[in-house]
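One-based numbering, in listed order, for ligands and for the atoms of each. Index from 1, following the sequence. Heavy atoms only: backbone and side chains are in, while hydrogens, waters and symmetry mates are out.
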Amino acid sequence: MKDLDGKTAFVTGAASGIGLGIATALSQAGVKVMLCDIEEEALAKAVAELKLTNADVDSVRADVSLKTRLQEVAKATVARYGKIHILVNNAGVGGGRGYGFWTDASWNWTLGVNLMSVIWGFEIFGPLIEAHGEGGQIVSTASIAGLISGPVFPAYNVTKYGVVALSEGLRAALAPRGIGVSVLCPGFIRTQIMNSRRNLPQRFAGAMESVPTKGPVAELVNQWTERISDGIDPLYVGELVREGIENDWPYIFTDNEFEPLIDERFAAIKQGFDRIRGRKPRH
Ligand SMILES: NC(=O)c1ccc[n+]([C@@H]2O[C@H](COP(=O)([O-])OP(=O)(O)OC[C@H]3O[C@@H](n4cnc5c(N)ncnc54)[C@H](O)[C@@H]3O)[C@@H](O)[C@H]2O)c1
């Protein structure tokens, strides 16, 4: 989508961090942006600040892990702006603990916000983008954690691998329909992700595992909190996403820090093939 001026975008998780960076960068390019978030006050503040820059923006509050809410706000966006060209599936939470500690509540919360909302985003907004025939783009925020996994936050890894799989797969399916598909895989970005439980829906309250304050997991969380508080500017990420939309990039990375770990993973996968190379499978 070369010419973004005058187009319309719907961005989830837009009240903070990467989503706000994307909403800002798109609105600076003349895109009309509907900001969607669960956090009402932060959403109102974000929209008020963007309006000061003369951006054409509006907001809808929704818990994107509820399909009916996503359907309702999609309708509201069409009612407000007419056509939707860009969907940014960005809302996400860092939730859930490792083996031996996880709960159904944390799996359901993380799967709902990070993965099901993206699946429903494609399902609900895809036809709306296709309908006007002007083309569009669907960008979903996965993570470097969607390309390399670890032992500490399996639910997060599973959802982010899911977002990568969905985006890679649907790219070919949606191209003939005039819709480009990109997956954003950020490294450490300066956002509020480490304080995700501020948005825990009431239905999960009391059912979540506790967060450790001591031991190796707590130490790792502290290290990540530090890296994130000193992380990449979310507006820089927003500008990369804008470039990714303009040029239909399949993968949008923010930096090269984890590239060697991804190379290691590919090498380990390759070794798996090497182990059985030359054998004749029995049928
Ligand atoms: N910050 C990083 O280093 C980093 C790295 C890789 C990927 N990500 C991903 O980036 C995305 C954005 O996160 P962020 O880092 O900007 O964190 P953030 O907490 O600053 O922003 C996330 C936004 O999502 C909203 N949100 C949470 N639950 C929601 C729900 N149920 N419905 C609607 N909105 C909801 C929050 O209110 C918040 O505004 C997430 O998908 C996250 O997994 C972040």
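At least one donor-acceptor pair closer than 3.5 Å links the side chain of N108 to the backbone N or O of D104. Distance alone, capped at 3.5 Å, places no donor-acceptor pair between the S117 side chain and the N114 backbone. In this structure a side-chain-to-backbone donor-acceptor pair under 3.5 Å is missing from R227 to F188. Between the side chain of K160 and the main chain of T141, a donor-acceptor pair closer than 3.5 Å is present. Counting only distance, with no hydrogens or angles, the side chain of S196 and the backbone of G94 share a donor-acceptor pair below 3.5 Å.
Comparing C185, A15, G187 against atom 4 (C) of ligand 1, the shortest heavy-atom distance belongs to G187. The nearest non-hydrogen atom to atom 33 (C) of ligand 1, considering only G231, A62, G13, comes from A62. When E39, R198, R227 are checked for heavy-atom proximity to atom 19 (O) of ligand 1, R198 turns out nearest. The residue among N90, I193, V73, I228 with a heavy atom at the shortest distance from atom 41 (O) of ligand 1 is N90.
Residue N199 places a heavy atom less than 4.0 Å from ligand 1. By the 4.0 Å heavy-atom criterion, S196 is excluded from the residues contacting ligand 1.
Looking only at heavy atoms of the protein, atom 35 (C) of ligand 1 is closest to I38 CG2, 3.6 Å. Y156 OH, 3.6 Å is the protein heavy atom nearest to atom 8 (N) of ligand 1. Of all protein heavy atoms, the one lying nearest to atom 14 (P) of ligand 1 is T191 OG1, 3.4 Å. Regarding atom 6 (C) of ligand 1, its nearest protein heavy-atom neighbour is S143 OG, 3.3 Å. Nearest to atom 22 (C) of ligand 1 among the protein's heavy atoms is G92 O, 3.9 Å. Shortest contact from atom 9 (C) of ligand 1 to any protein heavy atom: T141 CG2, 3.6 Å. Scanning all protein heavy atoms for the shortest distance to atom 31 (N) of ligand 1 gives D63 OD1, 2.9 Å. The nearest protein atom to atom 37 (O) of ligand 1, hydrogens excluded, is given as D37 OD1, 2.5 Å; this is a heavy-atom distance.
Counting the atoms of ligand 1 from 1 in the order shown, those under 4.0 Å from a heavy atom of F188 are 3 (O). Distances below 4.0 Å separate heavy atoms of A91 from the following atoms of ligand 1: 24 (O), 34 (N), 35 (C), 41 (O). Near A142, the atoms of ligand 1 lying under 4.0 angstrom from a non-hydrogen atom of the residue are 7 (C), 9 (C). The K160 neighbourhood of ligand 1 comprises atoms 40 (C), 41 (O), 42 (C), 43 (O), with distances under 4.0 Å to a heavy atom of that residue. Which parts of ligand 1 touch G17 is read off a 4.0 Å heavy-atom cut-off, strictly below it: atoms 16 (O), 20 (O).
A salt bridge is defined here as a Lys NZ or Arg NE, NH1 or NH2 lying under 4.0 Å from an Asp or Glu carboxylate O, and K45 with E49 meets this definition. For the pair E72 and K75, the salt-bridge criterion is not met [side-chain N within less than 4.0 Å of a carboxylate O].
The shortest N or O to N or O distance between I18 and ligand 1 is below 3.5 Å. For ligand 1, the polar-atom distance check finds an N/O of V64 within less than 3.5 Å of one of the ligand's N/O atoms. When only interatomic distances are considered, the shortest N/O to N/O separation between I189 and ligand 1 falls below 3.5 Å. Between N114 and ligand 1, not a single N/O pair is under 3.5 Å apart. The shortest N/O to N/O separation between S16 and ligand 1 falls below 3.5 Å. Between V93 and ligand 1, not a single N/O pair is under 3.5 Å apart. Considering backbone and side-chain N/O atoms, Q192 comes within less than 3.5 Å of an N/O atom of ligand 1.
Here C36 has no heavy atoms under 4.0 Å from ligand 1, in either its backbone or its side chain. With a heavy-atom cut-off of 4.0 Å, V113 touches ligand 1 through its side chain alone.
Side-chain contact between N89 and F125 is absent, with no heavy-atom pair separated by less than 4.5 Å. For the pair E39/S16, no side-chain contact is recorded, criterion being any heavy-atom separation below 4.5 Å from C-beta on.
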Given the rule in the side-chain hydrogen bond (donor to acceptor under 3.5 Å, both in side chains) test, do Q28 and T53 qualify, once you have shown the distances and angles that lead to the verdict? CA-CA 8 Å; Q28 284 171 351; T53 67; over 6 Å; no
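For I189 against I228, the heavy-atom pair with the smallest separation is O-CG2, 3.3 Å. Closest heavy-atom contact between R97 and S106: N-OG, 4.4 Å.
Just one residue in the list K7, Q137, E134 forms a side-chain hydrogen bond (donor to acceptor under 3.5 Å, both in side chains) with H85, and that residue is E134.
Within 6.0 Å of atom CZ in R277, more than 12 heavy atoms from other residues, nucleotides or ligands are found, so the atom counts as buried in its surroundings.
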